[in-house]
Amino acid sequence: MEHYNMNLTLKVWRQKNKNDQGRFETLQAKNISSEMSFLEMFDVVNEELINEGKEPIAFDHDCREGICGMCSMHINGRAHGPWDGTTTCQLHMRAFKDGDTITVEPWRAGAFPVIKDLTVDRSAFDRIIEAGGYISVNTGNAQDANCLPVDKNKADLAFAAAACIGCGACVAACKNSSAMLFVSAKVSQLALLPQGQPEKQSRALNMVAQMDKEGFGSCTNTGACEAECPKEISLTNIARLNREFIGAGFSSEK
């Protein structure tokens, strides 16, 4: 693979806090290696800003391995950038060419208020999980292996749903800022397994209620969430969440 350096023009969203109006700031990124990740490019730009006595760009990051879901950026109009099934930290600069102009924005959703620059508050997702994204178990020794048989197909579907990293790209990509793909993945990974059955009804009702309380929009099945999801979570999870929610609603009626 050919290695090359490039010079880029960045249009980066700068915002002091959630009450600030915010603006785009044009910056130059020079001598950027094609083998750098997108976040490494931002590290270089920030070093130059600091050396010039200017305020560095605030952005979320942690593992830089596509696992934690922290690197939430809208790059040229797409959540996480131009590569499918890829987080921002896994996006390499060879996706761009010398002379390109790159526009970088934070997630745009009312439920994700901007903290500073490209950093948003995604604690709404945490509160949704607290509302029901768990199972209640007694502590103690681990159970014997295979004491709870699980169908292989269901295990695979649960594993695929559990791949959700909670990055919020689904919300950012959705025209309604819906969190249905995230919530459905978290409900599905438990609803498909026997361990998740005792609390399945309260889980679906409580997590959807908390999602609505946080101000996320409604799902209209456009499919932008699945298209932009870095873990390629399937829309079929939304169908499963709808079944779980409607079934729980009937069961809870007196």
Side-chain angles (χ1 to χ4, degrees), residues 10-20 22-25 27 29 36-46 55-93 95-96 102-129 133 162-186 211 214-217 219 222 224-233:
L10 304 180
K11 292 186 177 181
V12 182
W13 185 258
R14 306 302 301 266
Q15 186 172 341
K16 293 181 179 180
N17 52 55
K18 66 178 182 180
N19 297 319
D20 183 34
R23 71 195 189 285
F24 280 106
E25 183 176 319
L27 301 168
M36 284 183 180
S37 72
F38 200 83
L39 297 189
E40 287 172 333
M41 180 271 292
F42 260 85
D43 290 337
V44 171
V45 171
N46 273 345
E55 187 77 15
I57 303 163
F59 63 94
D60 261 338
H61 63 99
D62 192 358
C63 74
R64 300 201 176 199
E65 294 179 344
I67 299 171
C68 72
M70 294 293 288
C71 53
S72 47
M73 296 184 189
H74 235 121
I75 303 168
N76 284 346
R78 291 193 62 183
H80 292 298
W83 286 355
D84 294 336
T86 304
T87 57
T88 300
C89 62
Q90 294 175 303
L91 177 67
H92 281 73
M93 297 311 298
F96 307 96
I102 306 174
T103 303
V104 189
E105 305 171 72
W107 288 166
R108 303 290 191 182
F112 290 160
V114 173
I115 298 174
K116 185 177 181 180
D117 296 341
L118 303 176
T119 306
V120 299
D121 182 357
R122 290 176 296 138
S123 59
F125 273 8
D126 296 330
R127 291 187 289 272
I128 292 173
I129 294 297
C164 170
I165 57 177
C167 66
C170 51
V171 175
C174 178
K175 62 183 180 181
N176 305 320
S177 296
S178 173
M180 280 289 282
L181 192 67
F182 166 76
V183 176
S184 69
K186 298 307 178 185
M211 175 183 68
E214 296 295 341
F216 292 103
C219 174
T222 304
C225 53
E226 181 184 41
E228 297 294 79
C229 176
K231 297 303 175 181
E232 300 178 328
I233 303 299

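Evaluation of the side-chain hydrogen bond (donor to acceptor under 3.5 Å, both in side chains) test over residues 63-77, restricted to residues two or more places apart or in two chains, returns D43-R64, H61-R64.
In this structure, K11 NZ and I102 CD1 are separated by 12.0 Å, a value rounded to the nearest 0.5 Å. The distance from the NZ atom of K116 to the CH2 atom of W13 is 15.5 Å, given to the nearest 0.5 Å. The line from OG1 of T88 to CD1 of I75 is 4.0 Å long, rounded to the nearest 0.5 Å. Atom-to-atom distance recorded for H80:NE2 and C229:SG is 8.0 Å, nearest 0.5 angstrom. Summarising the geometry, atom CH2 belonging to W107 is positioned 5.5 Å from atom SG belonging to C167; distances are rounded to the nearest 0.5 Å.
Using a 4.5 Å heavy-atom threshold, the side chains of F38 and V104 count as touching. Inter-residue side-chain proximity for F216 and M180 is flagged as unmet; no heavy-atom pair is nearer than 4.5 Å. Side-chain contact between E55 and E25 is absent, with no heavy-atom pair separated by less than 4.5 Å. Side-chain contact between V45 and V12 is absent, with no heavy-atom pair separated by less than 4.5 Å. In this structure, the side chains of P82 and F96 come closer than 4.5 Å at one or more pairs of heavy atoms. Residues V171 and R122 have side chains not in contact (no heavy-atom distance under 4.5 Å, counting atoms from C-beta outward).
Shown here for G66 and T87, the closest heavy-atom pair between the two residues is CA-OG1, 3.4 Å. Looking at every heavy atom in both residues, D117 comes nearest to P56 through OD2-O, 3.8 Å. When all heavy atoms of M73 and F42 are compared, the pair lying nearest together is SD-CE1, 4.2 Å. Closest approach of I233 to E226, counting heavy atoms only: O-CG, 3.3 Å. The two atoms that bring L91 and T86 nearest to each other are N-CG2, 3.7 Å, heavy atoms only. Closest approach of C71 and L39 over heavy atoms only: CB-CD1, 4.0 Å.
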Decide yes or no on side-chain contact (heavy atoms from CB on, under 4.5 Å) for D121 and K18, but give the supporting numbers first. CA-CA 10 Å; D121 182 357; K18 66 178 182 180; over 6 Å; no
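For K186 (side chain) and C164 (main-chain N/O), a donor-acceptor pair under 3.5 Å exists by modelled atom type. A donor-acceptor pair is defined here as one N or O able to donate and one able to accept, closer than 3.5 Å; such a pair exists between the side chain of Q15 and the backbone of D20. Within the 3.5 Å criterion, the main-chain N or O of A79 finds a donor-acceptor partner in the side chain of E228.
Here N176 pairs with T220 under the side-chain hydrogen bond (donor to acceptor under 3.5 Å, both in side chains) rule; sequence neighbours left out. With sequence neighbours excluded, the residues forming a side-chain contact (heavy atoms from CB on, under 4.5 Å) with R127 are S123, A124, E130, Q210, E214, listed by chain and number.
In this model, no donor atom of one side chain and acceptor atom of the other lie less than 3.5 Å apart for S37 and H92.
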